[in-house]
Amino acid sequence: MAEVIIDTYQCSGCETCVEICPDVFYIDEVTEKAGLVSPSPYITDALRQAAAFCPEKCIAILE
Ligand code: SF4
């Protein structure tokens, strides 16, 4: 498992991470920012892709 950190200040709420990896990310309806379904998810290709494709580069994976 890894720790995933979202810089919610930088997050634009674009939902790219949710589309790629809905097991880990969701959009908070109140803040309209990305949040974590689980703070310590297993590392998957989808998780890595979500971080790579985040346009704001605000997803960090700490292994
Ligand atoms: S892809 Fe990045 S900017 Fe877009 S909602 Fe997810 S964390 Fe926020």
Side-chain angles (χ1 to χ4, degrees):
M1 292 197 289
E3 185 177 1
V4 176
I5 296 173
I6 302 169
D7 182 345
T8 51
Y9 183 77
Q10 298 293 336
C11 173
S12 65
C14 70
E15 300 191 24
T16 299
C17 55
V18 181
E19 290 172 15
I20 296 174
C21 190
D23 289 347
V24 175
F25 300 98
Y26 74 102
I27 295 294
D28 186 301
E29 291 180 9
V30 175
T31 64
E32 299 184 339
K33 306 273 189 176
L36 294 169
V37 176
S38 165
S40 301
Y42 288 103
I43 298 177
T44 61
D45 288 346
L47 174 55
R48 290 190 192 282
Q49 283 184 6
F53 283 101
C54 170
E56 307 301 333
K57 295 285 176 254
C58 61
I59 299 172
I61 302 173
L62 307 180
E63 299 183 42

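Numbering of ligands and ligand atoms starts at 1, following listing order.
Q10 approaches C58 most closely through the heavy-atom pair CB-CB, 3.7 Å. Residues M1 and Y42 share a closest heavy-atom pair of CG-CE2, 3.4 Å.
A 4.5 Å side-chain heavy-atom check between I20 and F25 finds every atom pair outside the cut-off. Side chains of D23 and P41 form no contact here, defined as non-hydrogen atoms less than 4.5 Å apart.
Linking ILVMFWY side-chain heavy atoms closer than 4.5 Å, directly or via other members, places F53 and I6 in two distinct hydrophobic clusters.
Distance alone, capped at 3.5 Å, places no donor-acceptor pair between the K57 side chain and the A51 backbone.
Atoms of ligand 1 lying under 4.0 Å from any heavy atom of G13, numbered from 1 in the order shown and given with element: 5 (S), 8 (Fe). Short contacts between ligand 1 and E15, defined as distances under 4.0 Å to a heavy atom of the residue, involve ligand atoms 4 (Fe), 5 (S).
Listed by chain and number, the protein N, O or S atoms at a distance under 2.8 Å from atom 2 (Fe) of ligand 1 are C54 SG.
Just one of V18, I43, V37, L47 meets the side chain to side chain contact (heavy atoms under 4.5 Å, CB included) condition when paired with V24; it is L47.
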